[in-house]
Amino acid sequence: MTPSTAYSRDLGDELRRLRETCTGLSGNKLAEKLGWDPSKVSTVEHGKARASEIDLIQYLSMCGKDIDFVNDFRRRYQYAFDEYIVQVSGNLRTVAMAESTATGITSYSPQSIPGLVQIPEYADGLYRMTGVVTEERIPALVQFRTDRQTILRRHDRPTCVFYIHEHALQLQVGSSAIMEDQYARLLFDTHTIRIVSADAPMAATGCVLWEYEKSRPIVFSETNLAKVFVQDPGAIARTRLLFDRLDEVALSAEQSRSKLAEYVSRPREGLDDSGPHLA
């Protein structure tokens, strides 16, 4: 069986939602109408098995979808099981699903605070700094980022380690008061923060490793223009080597807390709060 990917699980879940909203049928009932084995609906909807082109046409037709919808879904689905998947930056569903089902999250952020531990005011300021989204979209994007953080408060929350380069702490986003609140958020949250000192010999781009109980790990990386999901075993191995290196050069969790406490207690004098700059 073809290993599932973040995108195959996302598109499978989209099919499940279509079944529920458009037909009101259970998976078993839909399978009966399609003449499928009941397990086939389940594996397709969980992204565990690739549906054939005729399978998709039959399934979507049963949901009342027209030919344009079917063709659009088929176009997206043809890449669902690729080991490298690139999406436009505005696509948020696949990230949310992949993140929310992970049992372990390890990330490295060289330029900004990781999204899962950003306060809303920091996230708002960061979107305004980049200038790549319209001002009207910013409140919705900030809310989406805030909503994603609920996974850290679940009883079965993933084990998280956030490696943050000191350059990300030094980049001031918004006012000094916002930065102080952001430092405090990092200091008092319960997940593991590891600071990579500004003078540490470390050069690498940011990335996230999501790990799962029953699925292959995923490496995720993004820019302002695209999101990349990778399940190639070689890339996973190289990413693990990166995090091994970070574990060697980063401050310990306790040392990182002391470093964050220094940032929280820094005086605000001399900071220009009129806009973003380097602290």
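More than 12 heavy atoms of other residues, nucleotides or ligands lie within 6.0 Å of CZ in Arg76, so this atom counts as buried by the packing criterion. When the shell of 6.0 Å around NE2 of His191 is examined, it contains more than 12 heavy atoms from other residues, nucleotides or ligands. By the neighbour-count criterion of 12 heavy atoms within 6.0 Å, atom CD of Glu20 is densely surrounded, having more than that number from other residues, nucleotides or ligands. By the neighbour-count criterion of 12 heavy atoms within 6.0 Å, atom CD of Glu32 is sparsely surrounded, having that number or fewer from other residues, nucleotides or ligands. Other residues, nucleotides and ligands place more than 12 heavy atoms under 6.0 Å from the CD atom of Glu248. Residue-environment remark: OH (Tyr79) stays at or below the threshold of 12 foreign heavy atoms within 6.0 Å.
Between Asp244 and Arg240 no salt bridge is recorded (no basic side-chain N to carboxylate O distance below 4.0 Å). At a threshold of 4.0 Å, the pair Arg9-Glu14 does not count as salt-bridged, since none of the basic side-chain nitrogens sits closer than that to a carboxylate oxygen. Salt-bridge formation is detected for the pair Asp55/Lys40: a Lys NZ or Arg NE/NH1/NH2 atom is positioned less than 4.0 Å from an Asp or Glu carboxylate oxygen. A salt bridge between Glu222 and Lys227 is present, with a side-chain N of the basic residue lying under 4.0 Å from a carboxylate O of the acidic one. Ion pairing of Glu180 with Arg185 is absent here, as no side-chain N (NZ or NE/NH1/NH2) approaches a carboxylate O to less than 4.0 Å.
In this structure, Phe220 and Trp210 have parallel ring planes: the angle between them is below the 30° cut-off, well short of the 60° mark. Between Phe73 and Phe69, the ring planes lie parallel to each other; the angle is under 30°, not in the 30° to 60° tilted range.
Put simply, the side chain of Gln87 never gets that close to the backbone of Phe229: no donor and acceptor are under 3.5 Å apart. At least one donor-acceptor pair closer than 3.5 Å links the side chain of Gln182 to the backbone N or O of Ile119. A donor-acceptor pair is defined here as one N or O able to donate and one able to accept, closer than 3.5 Å; such a pair exists between the side chain of Gln172 and the backbone of Gly174. Counting only distance, with no hydrogens or angles, the side chain of Ser8 and the backbone of Gly47 share a donor-acceptor pair below 3.5 Å. Under the 3.5 Å distance criterion, the side-chain polar atoms of Arg194 are left unmatched by any main-chain donor or acceptor of Tyr163. Within the 3.5 Å criterion, the main-chain N or O of Ala235 finds a donor-acceptor partner in the side chain of Asp232. A distance-only check finds no donor-acceptor pair linking the side chain of Ser109 to the backbone of Ile164 [under 3.5 Å].
Side-chain rings of Tyr183 and Tyr263 approach one another, their centers coming within less than 6.0 Å.
Side chains of Met62 and Lys33 form a contact here, defined as non-hydrogen atoms less than 4.5 Å apart. Taking 4.5 Å as the limit, every side-chain heavy atom of Leu92 sits out of range of all side-chain heavy atoms of Arg148. Between Leu15 and Val44 there is a side-chain heavy-atom pair separated by less than 4.5 Å.
Tracing side-chain contacts under 4.5 Å through hydrophobic residues (I, L, V, M, F, W, Y), one reaches Ile193 starting from Phe188; they form part of the same cluster. Tyr7 and Met97 fall into different hydrophobic clusters, where Ile, Leu, Val, Met, Phe, Trp and Tyr are joined by side-chain heavy atoms under 4.5 Å apart, directly or via other members.
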Evaluation steps, side-chain hydrogen bond (donor to acceptor under 3.5 Å, both in side chains), between Arg245 and Tyr108: CA-CA 11 Å; Arg245 174 62 176 158; Tyr108 173 52; over 6 Å; no

Chi angles and distances behind the side chain to side chain contact (heavy atoms under 4.5 Å, CB included) call for Ile236, Ile218: CA-CA 7 Å; Ile236 300 294; Ile218 298 170; 5.7 Å; no

Step-by-step side-chain hydrogen bond (donor to acceptor under 3.5 Å, both in side chains) determination, Ser39 to Asp37: CA-CA 5 Å; Ser39 64; Asp37 186 283; 2.6 Å; yes

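Each of Asp124, Leu126, Thr130 was evaluated against Arg128; a single residue qualifies, Asp124, per the side chain to side chain contact (heavy atoms under 4.5 Å, CB included) test.
Rounding to the nearest 0.5 Å gives a distance of 7.5 Å between CD of Gln149 and CD of Gln118. Here the CG atom belonging to Leu246 is positioned 11.0 Å from the CG atom belonging to Leu241, to the nearest 0.5 angstrom.
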